[in-house]
Amino acid sequence: MAGWLAPLAGPVELALLAQWSAFIVSVDDGFDRHGQSPAQVRTVLDQLVDVLDSADGTRYPSSAPPAVRALADLWERTRIAARPGWRHRFCALYRDFADATCTETQRRARGVRTGLDEYLALRRRTITVLPVLALVERALPPAPELDGLRDAAADIIAWTNDLRSAPREEDEGTENLVGVLARHHRCGRSEAAARARAMLAERMDDFDRAAHGERAAPIRRVRDGSLAWQRETHRNATAPGTTAEGRERGVRALVRHLTVAIDPAGHVDDRCGSRVLETALLLALLRDQGAEPGEQERLARFLAHRRPGASGIDALLIDACLDPSATADRAPDIASGLSVALSRGTAGRGRLKSVMLRTVLHLLCGSALDDSDMPAPAGPEGITTYTDVHLLSTRIIHAHACGRPHAVTGAERDRLVSLLSLGRTGCCGRPAPPPSCSACTRCASSGPPRRSWRTACCGCVSPSTPTTACRSWTARTCG
């Protein structure tokens, strides 16, 4: 998480931020998921605030819980690099977080329902973004004129978190933006989630209009990094079960994960720029699961709007998704004509791209797959992670579609699961280097290595001034 928040920081600063991140997540999860009473929460938070208020940061009872002892260690090392006056500002922010958390815990224990305006104000204080921003900015001159920008960053991160954790928190009975909106507008949760995404898009615009100048850059990086981290974290994952149960749970989790990425206009903002492919695949998935009818309608409207004037490939994908029965028989012939263009200038990847197109069409409209098209197996050596994921996915889909599931080995399935669970590829297709690395292979080829690199929403380390290899990106594509 620290690398997302401060990609330009040195190793010592990154280590400190990583420890703060672990501390914050540990405290948050302890309150949210371990069923502590309001009195217990108040006791722990009072002890944490006492540590921050003490002159040397080491005042705590010998019986203090691990979180208190951890904060004492962090606080002693954090204050050293801070500007004069910073300590009081951070203490005030953390004390406000503590008070808000106690209020939230008391309301939850009493079963009190929160109104929309009150929830938004309270959520901004409980998300801990403002204390984290203070940590990142502690060596910089104060900039009180940017407090509105900091509030916007806190709202954006909190609301995005609420969208992603809504299914889990609904099961737990925890108050969440989606549930509050559903109650406020007297609508279903799907419509409430769409309203939350519209609110989020508007707040993104507020932030982007106000974020100007170098002094605002650290705040933007925290916003962008937090949203990117929320895409990667498994904190909202459900517990594993049997193989069959795990598959169904995985599909449901995928639906929840992707549905919150639907823009109010009805398309899926992906990480590289294209939208038709991702939107069509998500619509097909939702139809197959019988899930989110409102989102299905929104996605279908976007695809219908894009159909006039669409490129040959996009037009075929749209037709396969919106009119599968009329497209299934002719899709392979149309794809064969398009495959010539796909194969140009891509060396060995050209054939794989052509096969992948026909595989996607099979998923969208059920068009037939030719057993002879199934790519040959290949080990991970000598190919990028990006290509390995595509190759394995295509082989598995082909094997099952052609009635030959045995043609794919268990090792291949395990490798794909491992790559999807733990791996993250850059825009070049290689695993993303850590933020301290100079650049990924493709980015470095676009120019001489630079000292100033940042982690893009695709997981790749990209230049602060984006090049043609690493496309310009915004936090909206991360959210």
Just so I know, are the side chains of [X] and [Y] near enough to count as touching, which here means a heavy-atom distance under 4.5 Å?
{"X": "Leu52", "Y": "Leu71", "answer": "yes"}
{"X": "Leu122", "Y": "Arg125", "answer": "yes"}
{"X": "Cys102", "Y": "Leu45", "answer": "yes"}
{"X": "Arg42", "Y": "Asp99", "answer": "yes"}

Nearest 0.5 angstrom please: [X] [atom1] to [Y] [atom2], how far?
{"X": "Phe302", "Y": "Thr279", "atom1": "CZ", "atom2": "OG1", "result": "5.0 Å"}
{"X": "Ile127", "Y": "Thr101", "atom1": "CD1", "atom2": "OG1", "result": "10.0 Å"}
{"X": "Glu292", "Y": "Leu286", "atom1": "CD", "atom2": "CG", "result": "6.5 Å"}
{"X": "Asp208", "Y": "Ile156", "atom1": "CG", "atom2": "CD1", "result": "7.0 Å"}
{"X": "Arg69", "Y": "Gln47", "atom1": "CZ", "atom2": "CD", "result": "10.5 Å"}
{"X": "Met204", "Y": "Arg209", "atom1": "CE", "atom2": "CZ", "result": "13.0 Å"}

Under 3.5 Å donor-acceptor, [X] side chain and [Y] backbone:
{"X": "Glu13", "Y": "Gly10", "answer": "no"}
{"X": "Trp86", "Y": "Leu140", "answer": "no"}
{"X": "Arg83", "Y": "Pro142", "answer": "no"}
{"X": "Arg87", "Y": "Ala82", "answer": "no"}

Looking at [X] and [Y], what are the two nearest heavy atoms and their distance?
{"X": "Trp20", "Y": "Thr78", "answer": "NE1-OG1, 2.8 Å"}
{"X": "Leu163", "Y": "Ala193", "answer": "CD2-O, 3.8 Å"}
{"X": "Ala196", "Y": "Leu177", "answer": "CB-CD2, 4.0 Å"}
{"X": "Val27", "Y": "Ala67", "answer": "CG2-CB, 4.2 Å"}
{"X": "Pro144", "Y": "Arg150", "answer": "CA-NH1, 4.4 Å"}
{"X": "Ser165", "Y": "Asn176", "answer": "OG-ND2, 3.5 Å"}

Subject >> Axial cation check for Phe90 ring with Arg138, 6.0 Å and 45° limits >> reply: no
**OP:** Please say which of Val222, Thr128, Leu5 ends up in a side chain to side chain contact (heavy atoms under 4.5 Å, CB included) with Leu133.
**Re:** Val222
Can we say [X] and [Y] salt-bridge, meaning some charged N sits less than 4.0 Å from an Asp/Glu carboxylate O?
{"X": "Glu191", "Y": "Arg186", "answer": "no"}
{"X": "Arg124", "Y": "Asp147", "answer": "no"}
{"X": "Arg95", "Y": "Asp53", "answer": "yes"}

Subject >> Residue list, side chain to side chain contact (heavy atoms under 4.5 Å, CB included) with Thr114, at least two apart or on another chain >> reply: Arg107, Glu118, Tyr119, Glu175
**OP:** Could you please spell out the steps behind the salt bridge (Lys or Arg N to Asp or Glu O under 4.0 Å) verdict for Arg415 and Glu412?
**Re:** CA-CA 5 Å; Arg415 190 162 86 243; Glu412 288 180 288; 5.3 Å; no
Original post:
If you count the non-hydrogen atoms of other residues, nucleotides and ligands that lie under 6.0 Å from CD in Glu214, is the total more than 12?
Top reply: no
Subject >> Heavy atoms of other groups near Arg77 CZ, more than 12 under 6.0 Å >> reply: yes
Original post:
Can you name the one residue among Asp151, Thr160, Asp155 that meets side-chain hydrogen bond (donor to acceptor under 3.5 Å, both in side chains) with Arg203?
Top reply: Asp155
**OP:** Could you please spell out the steps behind the side-chain contact (heavy atoms from CB on, under 4.5 Å) verdict for Leu282 and Gln296?
**Re:** CA-CA 9 Å; Leu282 178 54; Gln296 290 186 40; over 6 Å; no
Subject >> Check against side-chain contact (heavy atoms from CB on, under 4.5 Å), Phe97 and Leu130 >> reply: CA-CA 9 Å; Phe97 154 75; Leu130 298 179; over 6 Å; no
Original post:
Side-chain donor-acceptor pair under 3.5 Å between Arg123 and Asn161, yes or no?
Top reply: yes
**OP:** Let me see the working for Met199 and Leu181 under side-chain contact (heavy atoms from CB on, under 4.5 Å), right down to the final yes or no.
**Re:** CA-CA 11 Å; Met199 288 171 54; Leu181 284 170; 3.8 Å; yes
